[in-house]
Number of protein chains: 2
Amino acid sequence: MKAISVLGSTGSIGTQTLEIAHECPDQFKVVALTAGNNLDLLIDQIKKHQPEVVALAESKNLPELQKRLQNLPNKEKPKEIPHLVAGKEGLQIAASWETADLVVTGIVGCAGLLPTLAAIKAGKDIALANKETLIAAGPVVLPALKKSGSRLLPADSEHSAIFQCLQGTPFTDTARLSTGVPTPGLRNIQLTASGGAFRDWSTEALKNATVKDATSHPNWSMGKKITVDSATLMNKGLEVIEAHYLFGLDYDHIEIVIHPQSIIHSMVELTDSSVLAQMGWPDMKLPILYAMSWPNRVETKWKRLKLPEIGQLTFRDPDTSKYPCMQLAYSAGKAAGTMPAVLNAANEEAVALFLKEKIHFLNIPKVIEKTCEKHKQDLKADPQLDDVIEVDTWARQEVKSLVEKGTDEITMSTIGE
Amino acid sequence: MKAISVLGSTGSIGTQTLEIAHECPDQFKVVALTAGNNLDLLIDQIKKHQPEVVALAESKNLPELQKRLQNLPNKEKPKEIPHLVAGKEGLQIAASWETADLVVTGIVGCAGLLPTLAAIKAGKDIALANKETLIAAGPVVLPALKKSGSRLLPADSEHSAIFQCLQGTPFTDTARLSTGVPTPGLRNIQLTASGGAFRDWSTEALKNATVKDATSHPNWSMGKKITVDSATLMNKGLEVIEAHYLFGLDYDHIEIVIHPQSIIHSMVELTDSSVLAQMGWPDMKLPILYAMSWPNRVETKWKRLKLPEIGQLTFRDPDTSKYPCMQLAYSAGKAAGTMPAVLNAANEEAVALFLKEKIHFLNIPKVIEKTCEKHKQDLKADPQLDDVIEVDTWARQEVKSLVEKGTDEITMSTIGE
């Protein structure tokens with residue numbers, strides 16, 4: 001029986017994690033939850049999973065949560081009211097809760113960084129669904145992992161696929177996991193990408209892309225921000241950086257393959273030329289479950305994958321001219337230090353502005369490129385946590401001011417060429 | 001450095017094994033060779049690899065080999081003339097040669113059984129490319145493996161694929177390898193089949209199938225017998241039986257998927273619904289190398305597999321009415337005991353008669369079915385080696401006499417329906 005903390009329990013990853021815990025009561029026990037403003041759902045989760053501790057991101061919601069839990073009818077009340085905490089400190093208390101074996105980090109964006117680091121310092125194993133932890137703060141996280149001996153278990157589909165394919169190699173020795181040392185026998189990683197909402201659009205047609213177009217993903221049901229990232233292929237670019245930190249390979253050995261059916265979730269190419277692939281329906285529950293159950297496999301009754309039902313799987317190289325974000329991510333990854341943090345923050349801000357219809361889809365890469373370009377002079381090669389947070393704040397501000405200035409290149413009315 | 005014995009060194013598996021040893025002189029050293037009548041090639045191999053012992057299948061060739069080795073010009077002579085042996089006993093001496101770590105068994109058919117058992121008894125690890133060892137003699141081989149602690153490492157592409165996908169599971173514990181105990185976490189095996197020479201022929205068109213048609217394989221370059229087995233799908237049926245013995249799964253959990261491109265070499269489906277696949281170009285050298293190098297991966301410069309170059313992979317369920325041999329193999333596997341040995345021998349004989357144009361392609365399954373049917377009354381559930389050899393001999397004779405009798409159903413001129 002593994003004791004699990006769920007950071008971001010009311011979000012997409014969090015709710016799926018709790019579904020799994022509910023499906024496998026012999027395997028998992030939930031001891032800690034953290035959430036934002038969705039008190040209704042959080043209270044349901046508390047009733048169902050009876051955690052030992054609950055943390056709210058914002059202190060102002062704490063009195064209401066306390067009151068509503070106290071006022072529950074007796075038959076709905078948890079056996080024991082959980083320990084309630086709030087704010088940054090509260091999140092860190094929940095993330096490092098003593099009885100937890102594994103912390104599932106489903107908090108989106110840089111907000112997940114501090115609690116994840118707290119969990120690492122407490123020596124917990126981490127099921128990592130929060131990309132930003134490694135992308136923005138890889139140089140801070142890797143030494144922390146080494147120091148505490150805690151292990152990063154990827155819970156997103158691509159990195160889980162690679163992780164599954166690497167079982168049985170020396171990679172899965174505790175010491176090698178996420179220490180940035182390449183695993184013996186591994187030559188290349190091939191990350192698959194659905195190609196996103198615009199995979200069948202011409203570069204020319206993209207000039208007419210709307211918010212609605214960009215937020216309609218063909219395969220995966222995900223949040224709006226990540227669906228736009230999928231349409232720009234920035235999502236895949238960020239995964240390349242994450243794979244670099246997780247599996248210790250040079251960027252020249254991490255490739256992207258467009259695979260519209262999203263059945264092969266990624267592949268590894270070994271030194272003897274053998275290729276291993278992990279497959280499944282496009283459903284986040286499987287990679288989350290594997291991160292929770294590793295090194296074991298848990299029995300599920302989920303729908304079987306039978307390739308004859310699908311008929312064909314197709315593959316093509318990504319069109320670099322259509323997806324400039326991909327190249328920006330490779331460049332930021334190679335620049336290393338604080339640059340990936342700037343890329344990530346600039347992208348978050350640019351996508352937010354696109355979703356508010358403040359900039360055009362084709363200008364997302366433009367503002368990111370300008371911001372990264374400007375950061376070059378201030379890049380820190382070996383940053384501390386404060387440096388990461390500082391450049392994150394700077395990059396967001398920089399994107400906003402670029403757009404406010406309204407230069408020809410990046411306003412809504414014009415499309416960058 | 002691993003010391004290797006190669007049984008059947010002048011055959012297809014043998015020559016590829018020696019190519020690998022030549023490519024990787026830091027990894028492998030050849031200490032023993034066995035061969036049949038191809039003395040020219042054998043002498044070249046002796047000059048190149050300088051084995052410690054060489055065995056000939058037939059004693060009558062021994063004097064000529066001795067003479068020709070003695071008479072080699074000095075600069076071509078091996079540093080030391082190897083120890084030369086011959087006949088059944090000679091093969092067993094070479095197979096259990098003291099300095100060998102691993103024995104690659106490339107002898108085709110039942111002739112490979114005795115030397116493979118000798119190697120197992122001597123505690124050698126076995127790179128198994130000889131299907132008959134397990135199919136005909138599974139009930140004899142499994143206890144022998146358990147007793148000596150030697151391990152069967154599959155060297156054919158499908159079982160190697162499964163073996164590669166199972167790395168990191170408890171399957172690869174020595175104790176579980178080929179002991180017939182299912183590995184925890186493994187739910188189903190999906191063996192891929194190219195569909196063979198007739199995959200795009202209608203059942204009706206098969207009435208006109210000739211020897212030339214049946215021996216033209218679309219993907220793999222192999223011997224004639226195995227190419228016909230690929231056209232009947234008996235090859236895949238035999239692999240189902242082999243997979244049953246190797247990986248300990250019930251027949252209901254071993255499936256066949258038609259995959260015309262032969263890029264995915266087989267798949268495993270784990271209990272949590274995750275599917276792992278191993279891929280590569282259709283080339284036997286990779287599975288042979290993996291069996292030789294396991295548990296390590298050796299660096300090669302072989303052509304990289306890039307799926308965008310292939311474009312698409314397709315999959316369909318096999319047509320059971322078109323491929324009756326497949327069902328015969330499942331039935332023989334489930335009948336167990338001596339039945340798979342009868343199936344295998346009847347198939348070898350029927351294919352030989354087809355290649356001599358004594359029976360029609362569509363009558364191959366007919367004679368096999370009749371032979372298996374007749375064996376039911378004599379089936380031994382827990383056979384010894386002698387029983388296996390006896391039913392093998394009986395089944396071959398039975399097929400011949402069925403054809404000689406020339407019943408309507410199985411002659412060249414009529415096509416069974």
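This one's a predicted model, so the numbers in the text were calculated from it and none came from an experiment. Residue numbering restarts at 1 for every chain, and letters A, B, ... go by the order of the sequence lines.
Looking at I264(B), only its side chain comes within 4.5 Å of chain A, counting heavy atoms on both sides. Both the backbone and the side chain of L313(A) come within less than 4.5 Å of a heavy atom in chain B. Looking at Q164(B), both its backbone and its side chain come within 4.5 Å of chain A, counting heavy atoms on both sides. The part of E269(A) that comes within reach of chain B is its side chain, from C-beta onward, which places non-hydrogen atoms under 4.5 angstrom from that chain. Residue contact with chain A, scored on non-hydrogen atoms closer than 4.5 Å, involves the side chain of V257(B) exclusively.
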Problem - Test log, rule side chain to side chain contact (heavy atoms under 4.5 Å, CB included), inputs D125(A) and V103(A) - result: CA-CA 6 Å; D125(A) 283 348; V103(A) 177; over 6 Å; no
Practice task
Tell me, with the steps shown, if Q278(A) and M267(A) meet side chain to side chain contact (heavy atoms under 4.5 Å, CB included).
Solution key: CA-CA 7 Å; Q278(A) 186 270 332; M267(A) 294 170 266; over 6 Å; no
Practice task
I would like to know whether E242(B) and H244(B) meet side-chain hydrogen bond (donor to acceptor under 3.5 Å, both in side chains); could you show each step before the answer?
Solution key: CA-CA 5 Å; E242(B) 194 178 356; H244(B) 166 78; over 6 Å; no
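Side-chain atoms of S274(B) and D272(B) include no donor-acceptor pair closer than 3.5 Å. Side-chain polar atoms of E158(B) and T192(B) form no donor-acceptor pair below 3.5 angstrom. A donor and an acceptor atom, one from each side chain of S12(B) and Q16(B), are located under 3.5 Å apart.
The greatest number of non-hydrogen atom pairs below 4.5 Å with chain A, out of L307(B), T314(B), I310(B), I263(B), is found for L307(B). In terms of heavy-atom pairs under 4.5 angstrom with chain B, the leader among L289(A), I258(A), N188(A), L276(A) is L276(A). Of the residues considered (S273(B), S293(B), P308(B)), P308(B) shows the highest number of contacts with chain A, using heavy-atom pairs under 4.5 Å. For chain A, the option among H259(B), E299(B), R304(B), R316(B) with the highest count of heavy-atom pairs below 4.5 Å is R304(B). When the candidates M279(B), Q190(B), R187(B), E255(B) are compared by the number of heavy-atom contacts under 4.5 Å with chain A, M279(B) comes out ahead. Most heavy-atom pairs under 4.5 Å with chain A: of the set T300(B), L305(B), D317(B), this distinction falls to T300(B).
Using a 4.0 Å cut-off between charged nitrogen and carboxylate oxygen, E23(B) and K301(B) do not count as a salt-bridge pair. With salt bridges taken as basic N to acidic carboxylate O contacts below 4.0 Å, none links E309(B) and K306(B).
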